[in-house]
Amino acid sequence: MLEIKFVRQNLSHVQKALQNRGDAADLQTFKHCESQRRNLLKESEALKHQRNVASQQIAQMKKDGQNTDTLTTEMRDVSGRIKLLDSALKKNEAEIESILSRLPNIPHQSTPIGANETENPVVKQIGQPTKFNFDPLPHWSVGRQLKILDFERAAKITGARFPLYFGAAARLERALINFMLDIHIGEHGYLEVLPPFIVNRQSMTGTGQLPKFEEDLFKLHESDYYLIPTAEVPVTNIHRDEILDENQLPIYYTAYTPCFRSEAGSYGKDTKGLIRQHQFNKVELVKFVKPETSYEELEKLLANAEEILIRLELPYQVITLCTGDLGFSAAKTYDIEVWMPSQGRYREISSCSNFESFQARRANIRYKTTGKKGTSYVHTLNGSGLAVGRTVAAILENYQQVDGTVLIPDALQPFMGGMQKISDGT
RNA sequence: GGAGAGAUGGCCGAGCUGGCUGAAGGCGCUCGCCUGCUAAGCGAGUGUGGGGGUAACACUCCACCGAGGGUUCGAAUCCCUCUCUCUCCGCCA
């Protein structure tokens with residue numbers, strides 16, 4: 001959420017920034033509501049002051065044994081008017097809140113201006129696309145032949161877009177989770193967190209999924225609970241409504257969680273395989289930092305996520321999302337894309353973003369500097385480190401052999417009980 | 001699921017027979033004094049959000065004692081609803 005004062009004082013700047021995103025915001029309504037709010041507030045507060053003074057007076061008069069009927073009657077009217085003004089104010093503030101909570105973040109100056117995903121510049125490419133002396137199969141075929149992935153039965157159990165792993169694939173998924181977490185906690189300084197996988201509405205609002213993106217979420221029947229679409233939600237909300245101490249920062253958390261997404265509107269896209277599922281596993285990285293360090297921290301976060309791909313020896317590239325492709329809450333985002341041989345192109349496997357104070361304002365996460373008056377909002381960042389299902393897909397594709405077996409990356413073998421190759425379903 | 005207790009400032013903890021209580025007292029923290037060192041001691045200060053005001057301070061007003069509503073001239077204090085926590089019983093991975 002953008003700050004009300006900031007929007008008021010920088011109306012045209014905000015308008016322009018949102019246009020770059022392709023978001024036509026109705027800031028005229030905001031402007032009108034906002035000035036109305038201040039008028040109502042002024043009037044109501046003046047009356048409350050009057051009432052406070054009179055109440056003191058009544059107390060004193062009663063003590064002195066005087067009759068207070070006149071003043072009491074007068075104040076009854078004043079209270080009535082306050083009630084009316086306050087209810088108008090409440091309606092007014094709800095409208096402002098509704099407008100503000102639907103405004104996306106303002107892109108950082110280093111975010112390239114562009115219309116859509118075709119205009120995302122490539123920052124770097126690491127490794128060469130894997131070479132094969134045969135036609136590489138898509139990972140779902142590799143998985144089916146090895147009897148380690150079974151999408152048909154998953155569809156029977158639940159429905160389309162759910163995964164069912166057996167044997168070496170199940171173990172590979174679990175090994176990757178441990179591999180990623182161990183690196184992040186052991187080498188990158190993150191604290192491991194195992195959060196709830198179901199959160200309430202407030203948490204979803206805090207990180208920006210609500211109110212605008214309700215249709216992307218799974219909501220639990222007749223409750224205020226939602227399945228998390230990413231660990232970002234529960235982990236960022238750990239510090240909701242808290243005032244942190246300056247010397248607690250920066251805070252680094254990493255969490256493994258399953259993620260649940262309705263994928264509304266993506267029918268027909270990536271219908272096969274592990275790329276786009278309603279349920280997938282992810283190891284997430286989340287940071288709470290001081291504003292002046294947040295862009296430096298974004299680069300480090302990106303490097304932490306890249307490290308996983310480097311160790312797995314998977315070819316990848318990094319792109320910067322342009323304004324037209326940037327997510328709602330982010331000011332700047334890097335996507336890491338891994339090489340998928342069967343598709344002959346790079347596919348997203350991680351998304352690393354700086355939200356600046358956008359989420360912190362929504363979730364009310366502040367910090368206090370010792371010796372300084374007041375509080376400031378922290379900057380929050382997060383990134384996948386990495387999406388596990390897509391990593392499995394990438395390994396199955398990039399490490400497949402002509403005989404249908406799949407080699408296991410060296411770095412991962414210790415996490416697979418020393419297994420070097422997947423050659424059957426066990 | 002049944003019965004009961006509770007939710008107050010960074011923390012602990014009074015107030016809860018309505019009115020000088022934004023909130024006693026303590027701890028912590030900050031600054032100053034004192035002091036061979038450390039500790040102790042002494043003094044002052046120390047919440048958040050919003051409106052007005054200012055170049056910026058100052059200053060001033062309003063709100064906030066789990067959340068929302070009600071009663072009242074006036075509510076941390078009385079009433080209702082909700083949320084959460086704790087204790088006991090039952091059930092259970």
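Here is how names work: the chains are called A, B, and so on, in the same order as the sequence lines, proteins then strands, and each is numbered from 1.
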**Study point:** Atom-pair distance (CD on Glu74(A); P on U72(B)), nearest Å
**Key:** 18 Å

**Study point:** Euclidean distance, atom CD of residue Gln56(A) to atom C1' of G18(B) [Å, nearest integer]
**Key:** 14 Å

Exercise for review: Output the distance between atom CZ (Arg102(A)) and atom CG (Asp23(A)), rounded to the nearest 0.5 Å.
Suggested key: 12.0 Å

Check your understanding: Can you find a side chain N or O atom of Asn52(A) that sits less than 4.0 Å from OP1 or OP2 on C62(B)?
Key -> yes

Practice item. If G6(B) has a Watson-Crick or G-U wobble mate with both distances under 3.5 Å, name it; if not, just say none. Key: C84(B)

Point to revise | For atom CZ of Arg81(A) and atom P of C73(B), their distance in whole Å | key: 16 Å

**Study point:** Any strand: nucleotide that pairs with C65(B) via Watson-Crick or wobble, under 3.5 Å
**Key:** none

**Study point:** Atom-to-atom span, OH of Tyr377(A) to P of U48(B) - whole angstrom
**Key:** 12 Å

Check your understanding: Is there a side-chain contact between His184(A) and Ile308(A), using heavy atoms and a 4.5 Å cut-off?
Key -> yes

Review point. Taking a pair as Watson-Crick or G-U wobble with both distances under 3.5 Å, which nucleotide is matched to G1(B)?
Key: C89(B)

Revision key, fill the gap. Taking a pair to mean Watson-Crick or G-U wobble geometry with both distances below 3.5 Å, C34(B) pairs with none

Check your understanding: Near RNA chain B, under 4.0 Å by heavy atom, which residues of residues 195-211 of chain A?
Key -> none

Review point. Out of U48(B), C62(B), G51(B), which nucleotide sits closest to the side chain of Leu41(A)?
Key: G51(B)

Check your understanding: Taking CG from Leu71(A) and P from U72(B), how many angstroms apart are they, rounded to a whole number?
Key -> 17 Å

Check your understanding: Just by modelled atom types, is the Glu356(A) backbone N or O under 3.5 Å from a matching donor or acceptor in the Asn354(A) side chain?
Key -> yes

**Study point:** Nearest listed nucleotide, side chain of Lys63(A), among G51(B), C73(B), C20(B)
**Key:** C20(B)

Study note, to complete from the structure: Taken to the nearest whole Å, CG/Asp224(A) to P/C84(B) is 11 Å

Review point. Taking OP1 and OP2 of C62(B), is either one under 4.0 Å from a side-chain nitrogen or oxygen of Arg51(A)?
Key: no

Check your understanding: If we take the C1' atom in both G9(B) and C29(B), what is their distance in whole Å?
Key -> 14 Å

Check your understanding: G22(B) and A63(B): how far apart are their C1' atoms, nearest whole angstrom?
Key -> 11 Å

Review point. What distance, rounded to whole Å, do you find between the two C1' atoms, one in A76(B) and one in C65(B)?
Key: 5 Å

Review point. Ring centres of Phe260(A) and Phe197(A) under 6.0 Å apart?
Key: no

**Study point:** Any N/O donor-acceptor pair, Glu45(A) side-chain to G50(B) base, under 3.5 Å
**Key:** yes

Point to revise | Distance below 4.0 Å between Thr375(A) side-chain N/O and G49(B) OP1 or OP2 | key: yes

Check your understanding: Where each residue is assigned the nucleotide of RNA chain B containing its nearest heavy atom, which of Ile243(A) and Lys62(A) is assigned the position nearer the 5′ end?
Key -> Ile243(A)

Review point. Across all strands, who's sitting opposite U46(B) as a Watson-Crick or G-U wobble pair, both distances under 3.5 Å?
Key: G28(B)

Exercise for review: Indicate, with a heavy-atom threshold strictly under 4.0 Å, whether Arg361(A) touches base, sugar-phosphate, or nothing.
Suggested key: nothing

Check your understanding: Which whole number of Å gives the distance between the P atom of C64(B) and that of G70(B)?
Key -> 13 Å

Point to revise | First encountered from the 5' end of RNA chain B, between Thr72(A) and Gln50(A) | key: Gln50(A)

Practice item. Give a yes/no answer on whether the side chain of Ser79(A) brings an N or O atom under 4.0 Å of OP1 or OP2 in G74(B). Key: yes

Point to revise | Pairing nucleotide - A55(B), Watson-Crick or G-U, each distance under 3.5 Å | key: none

Practice item. Could you tell me whether the phosphate oxygens of C61(B), OP1 or OP2, come under 4.0 Å of any side-chain nitrogen or oxygen in Lys42(A)? Key: no

Point to revise | Pair Phe355(A) and His379(A), ring centroids less than 6.0 Å apart | key: no

Point to revise | Side-chain N,O (Arg37(A)) to OP1/OP2 (G51(B)) below 4.0 Å | key: yes

Practice item. Look at the side-chain N and O atoms of Asn39(A) and state whether any lies under 4.0 Å from the OP1 or OP2 oxygen of G51(B). Key: no

Review point. Between His49(A) and C62(B), is there a side-chain N or O to OP1/OP2 distance below 4.0 Å?
Key: yes

Review point. Would you say Arg38(A) reaches G52(B)'s phosphate, i.e. side-chain N/O to OP1/OP2 under 4.0 Å?
Key: yes

Check your understanding: For G19(B), which nucleotide is its Watson-Crick or G-U wobble mate, given both distances must be under 3.5 Å?
Key -> C73(B)

Check your understanding: Under 6.0 Å between ring centres, would you say that holds for Phe218(A) and Tyr226(A)?
Key -> no

Practice item. Would you please indicate yes or no on a ring centroid separation below 6.0 angstrom for Phe415(A) and Phe179(A)? Key: yes

Point to revise | Euclidean distance for C1', G68(B) against U83(B) (whole angstrom) | key: 10 Å

Review point. Nearest heavy-atom pair of Pro195(A) and Val235(A): which atoms, and what distance?
Key: CG-CG2, 4.1 Å

Review point. Using atom C1' of each nucleotide, how far apart are C20(B) and G36(B) to the nearest Å?
Key: 50 Å

Check your understanding: Between A75(B) and A67(B), how far is it from one P atom to the other, in whole Å?
Key -> 16 Å

Review point. Strictly under 6.0 Å, is that where the ring centroids of Tyr253(A) and His239(A) end up?
Key: yes

Revision key, fill the gap. Sorted by number, residues from residues 82-102 of chain A placing a heavy atom under 4.0 Å from RNA chain B are Lys83(A), Lys90(A)

Practice item. Return yes if a side-chain donor-acceptor contact under 3.5 Å exists between Lys332(A) and Ser353(A), otherwise no. Key: no

Practice item. Using a 4.5 Å cut-off on heavy atoms from C-beta on, say whether the side chain of Arg171(A) contacts that of Met419(A). Key: yes

Exercise for review: Sequence neighbours left out, what passes side-chain contact (heavy atoms from CB on, under 4.5 Å) with Lys83(A)? Give chain and number order.
Suggested key: none

Practice item. Considering only atom C1', compute the distance from G6(B) to C82(B) and round it to an integer number of Å. Key: 16 Å

Exercise for review: Dump the intermediate steps for salt bridge (charged side-chain N to carboxylate O under 4.0 Å, His left out) on Lys290(A) and Glu246(A), then the final yes or no.
Suggested key: CA-CA 8 Å; Lys290(A) 290 200 229 174; Glu246(A) 175 189 32; 3.2 Å; yes

Check your understanding: Which whole-number value in Å describes the distance from Ile4(A) CD1 to G50(B) P?
Key -> 9 Å

